Amino acid sequence: MPSKTLSLHFLDWLVIGVYFLVVLVLGIYHAGRKGKTDEDFLIAGRRLSLIPFVATLVSTFYGGILGIGEFVYRYGIVSWITQGLFYYIFAAVYALFLSGKIRQKIQFTLPDQLYESYGKKAGLVGSVFTFLMVTPAPYVLMIGVLLNLLLGWPLWLAIIVGTLLSVVYVLFGGLYSVVKTDVFQFLLMFLGFAVILPYAHHLLGPVSKVLANLPKKQLNPTGYFSIQQILAWGFIALWTIVDPSFYQRCSAAVSQKTARNGVLISIGFWFLFDMMTLTAGFYARAYFPGIDPLMAYPVLGNAVLPTVAKGFFVVGMLATIMSTLDSYTFLSAITLGRDFYGRLTNQLYLDRLTAATRWGLVITTIVSFGIAYWLQSVVTIWYLIGSLGIPVLFFPLWTSFFPKFKISGQTVLAQMILSGLLSVLWMAAGFLHKAGGFPEYPLGIEPIYPGLLASFLIWMGGLFAERKIRREGLNP
């Protein structure tokens, strides 16, 4: 069924083919120009200037285009609050309080910060949950769905081919290749939605008419969600603080000022793109009820766009997904190969790093394929990953930058294990007792809350104990 949703002309295919060719050429060319040090491979030699910084951060952190379409189609304007507004707030906090501190340090990755602050055991546990946070499963699913839509391939084959096309150059060029392709894809993601909105306006009517045709709940700020669910998504937006791509880009920036200003400027571009995707989602919901929500944007594009313009819209969706897929797959492979295996075996040499990263890519692909094929919902994957990873990583990472609030490595290790275990058990209990097809969590409480509460309480207890010890040491 999905394969019949888009009808493409030869010229549309030409546009898509040229896109893939340019991305591969850019990525492979810059793979051949990479340096020979960890700093070159992982953080582009710390030479990322403002324009590429913004382009790669914006495109990397906005890969869920079909998921956003699914969210807008199902729930309306509340999707902007849960997937936009909360993230702007935490991105601004990141820019003002963390970006400069990260650029000052010599670490390459987010787990490096945990290892330095809390020791090897906490760093290893943190690496496992960092891997979870950057699993490209949602983007693997989206590229598979889109290629299935375009070519009619089985979903499993579309996922494998799409993933390989997105990451083949990254293993050799590292962040250099990611940044060069991201700048190109940043332009295309905005072009794709700049193309569809005028045609939708011309053929389907102005936005005011669209809003009048929407169900009332679509325009309700809380929509179909309870306040608890909205706040849960708000806590999931803490993802910004623990996202390794933010850490990597700030480490790669040419200066602290570039890191801070780059994140702040990126918020403006995210807002602009959110308004474009929200409007397109409203058009799809108003005029094409009853479709698969994941297909909202493709169905709209097929209905309103002429030849060539349709090709550019498809390219815009592909660029949005692939720019995140390559970055997250690279980060996942690095997390497994360098931050976990390399630290575990005390082998962090560049030649071993490359081999370990390739094995990390294989494992990442298998795990991501399994998650994507099992859940087959981008929104569900986001929610589950955020609910598990954020309670474990947020307090240890945030407090590691502020010496007054740091606690011992042993306490942090307990904090990570207990909060993670509680979140996993809470989530498992919900899936074992489903109501109407949805998880029924204990006491009706979403799983992110008990995990965050446990992490907070352990941190507070550790902080109180350490301050008491210091006071007693000063006053024997």
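The model shown is predicted, which means the values in this text are computed figures rather than measured ones.
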**Heavy atoms of other groups near Y88 OH, more than 12 under 6.0 Å** = yes
**F193/F313 aromatic ring centres below 6.0 Å** = yes
**Request:** Mind checking the CG-CE spacing from L388 to M133? Nearest 0.5 Å is all I need.
**Result:** 9.5 Å
**Fill in**
d(I160 CD1, I366 CD1) to nearest 0.5 Å is 9.5 Å
**Request:** Working to the nearest 0.5 Å, report the span between CG of L151 and CG of L8.
**Result:** 9.0 Å
**Message:** Counting neighbours of CZ on F273 that are heavy atoms of other residues, nucleotides or ligands and sit closer than 6.0 Å, is the number greater than 12?
**Reply:** yes
Run the side-chain donor-acceptor check on residues 252-261: report pairs under 3.5 Å with partners two or more places apart or on a different chain.
unit_1	atom_1	unit_2	atom_2	d
S255	OG	T258	N	3.1
S255	OG	T258	OG1	3.0

**Distance (rounded to the nearest 0.5 Å) between L452 CG and S419 OG** = 8.0 Å
**Atom CD1 of I51: over 12 foreign heavy atoms under 6.0 Å** = no
**Message:** Please determine whether side chain to side chain donor-acceptor pair (under 3.5 Å) holds for the pair Y75 and T82, giving the CA-CA distance in whole Å, both sets of side-chain angles, and the decisive distance to 0.1 Å.
**Reply:** CA-CA 10 Å; Y75 306 118; T82 59; over 6 Å; no
**Asked** Side chains of R249 and S266: donor-acceptor distance under 3.5 Å anywhere?
**Response** no
**Message:** As a quick check of understanding, evaluate side chain to side chain donor-acceptor pair (under 3.5 Å) for T60 and S327, giving each step before the final call.
**Reply:** CA-CA 7 Å; T60 292; S327 294; 3.0 Å; yes
**Asked** Aromatic ring centroids of W233 and F71 under 6.0 Å?
**Response** yes
**Prompt:** Got more than 12 heavy atoms from elsewhere within 6.0 Å of OH, Y287?
**Reply:** yes
**Request:** State, with a plain yes or no, whether a side-chain heavy atom of T324 is found less than 4.5 Å away from one of P136.
**Result:** no
**Message:** Less than 4.5 Å apart, side chain to side chain, heavy atoms only: is that true for Y328 and S245?
**Reply:** yes
**Prompt:** Going from CZ on F394 to OG1 on T399, what distance comes out if it is rounded to the nearest 0.5 angstrom?
**Reply:** 9.0 Å
**Asked** Are the side chain of S455 and the backbone of P391 linked by a donor-acceptor contact shorter than 3.5 Å?
**Response** yes
**Request:** Indicate yes or no for a side-chain donor-acceptor contact from S323 to the backbone of S59 under 3.5 Å, with no hydrogens or angles considered.
**Result:** yes
**Prompt:** If only atom types and distance count, is the side chain of Q83 paired as donor or acceptor with the main-chain N or O of I68 below 3.5 Å?
**Reply:** no
**Request:** For K101 and F402, indicate whether the former's side chain and the latter's backbone hold a donor-acceptor pair under 3.5 Å.
**Result:** no
**Prompt:** Would you say V145 and L155 make side-chain contact, with heavy atoms under 4.5 Å?
**Reply:** yes
**Polar side-chain atom of D12 near backbone of V308 as donor-acceptor pair, under 3.5 Å** = yes
**Prompt:** So, D182 and T56: side-chain donor and acceptor under 3.5 Å apart, yes or no?
**Reply:** yes
**Message:** What I'd like to find out is whether the side chain of R46 reaches to under 4.5 Å of the side chain of F108, using heavy atoms alone.
**Reply:** yes
**Message:** Looking at F20, I'd like to know if its CZ atom is crowded, meaning that more than 12 non-hydrogen atoms belonging to other residues, nucleotides or ligands lie closer than 6.0 Å.
**Reply:** yes
**Request:** Examine distances only and state if a side-chain atom of D112 and a backbone atom of T109 form a donor-acceptor pair shorter than 3.5 Å.
**Result:** yes
**Request:** Can you establish whether the number of heavy atoms outside F405 located under 6.0 Å from its atom CZ is more than 12?
**Result:** no
**N213 side chain vs V210 backbone, donor-acceptor pair below 3.5 Å** = no
**Request:** Please collect all salt bridge (Lys or Arg N to Asp or Glu O under 4.0 Å) contacts where either partner lies in residues 267-290, sequence neighbours excluded, each pair once.
**Result:** none
**Request:** Verify whether one side chain among T135 and S368 offers a donor that lies under 3.5 Å from an acceptor in the other.
**Result:** yes
**Prompt:** Where the side chain of Q248 meets the backbone of L110, is there a donor-acceptor pair that is under 3.5 Å apart?
**Reply:** no
**Request:** Could you tell me whether W374 atom CH2 has more than 12 heavy atoms of other residues or ligands within 6.0 Å of it?
**Result:** no
**Prompt:** Do the non-hydrogen side-chain atoms of I196 and M317 ever get within less than 4.5 Å of each other?
**Reply:** no
**Request:** For side chain to side chain donor-acceptor pair (under 3.5 Å), just list the numbers for Q113 and S400, CA-CA rounded to whole Å, side-chain angles, deciding distance to a tenth of an Å, and then say yes or no.
**Result:** CA-CA 8 Å; Q113 175 71 16; S400 72; 3.0 Å; yes
**Request:** Count the heavy atoms belonging to other residues, nucleotides or ligands that lie under 6.0 Å from CZ of F312, then report whether that count exceeds 12.
**Result:** no
**Item:** Under 3.5 Å side-chain donor-acceptor pair for Q229 and Y224
**Value:** no
**Asked** When the ring planes of F246 and Y94 are compared, do they come out parallel, tilted or perpendicular, using 30° and 60° as the limits?
**Response** perpendicular
**Request:** Would you please test L203 and Y283 for side-chain contact (heavy atoms from CB on, under 4.5 Å) and show each step?
**Result:** CA-CA 11 Å; L203 294 175; Y283 271 108; over 6 Å; no
**Min side-chain heavy-atom separation P447-Y441 under 4.5 Å** = yes
**Item:** Plane angle bin for F456 and W459 - parallel if under 30°, tilted between 30 and 60°, otherwise perpendicular
**Value:** tilted
**Asked** Given the side-chain rings of F235 and Y449, with only the six-membered ring counted for Trp, is the space between their centroids under 6.0 Å?
**Response** yes
**Request:** Establish, yes or no, whether a centroid distance under 6.0 Å links the rings of F190 and F186.
**Result:** yes
**Complete:** Applying side-chain hydrogen bond (donor to acceptor under 3.5 Å, both in side chains) to W239 and not counting sequence neighbours gives D243
**Message:** Please tell me whether Y87 and W270 form a close aromatic pair, meaning their ring centres lie under 6.0 Å apart.
**Reply:** no
**Message:** Between S387 (side chain only) and Y383 (backbone N and O only), is there a donor and an acceptor less than 3.5 Å apart?
**Reply:** yes
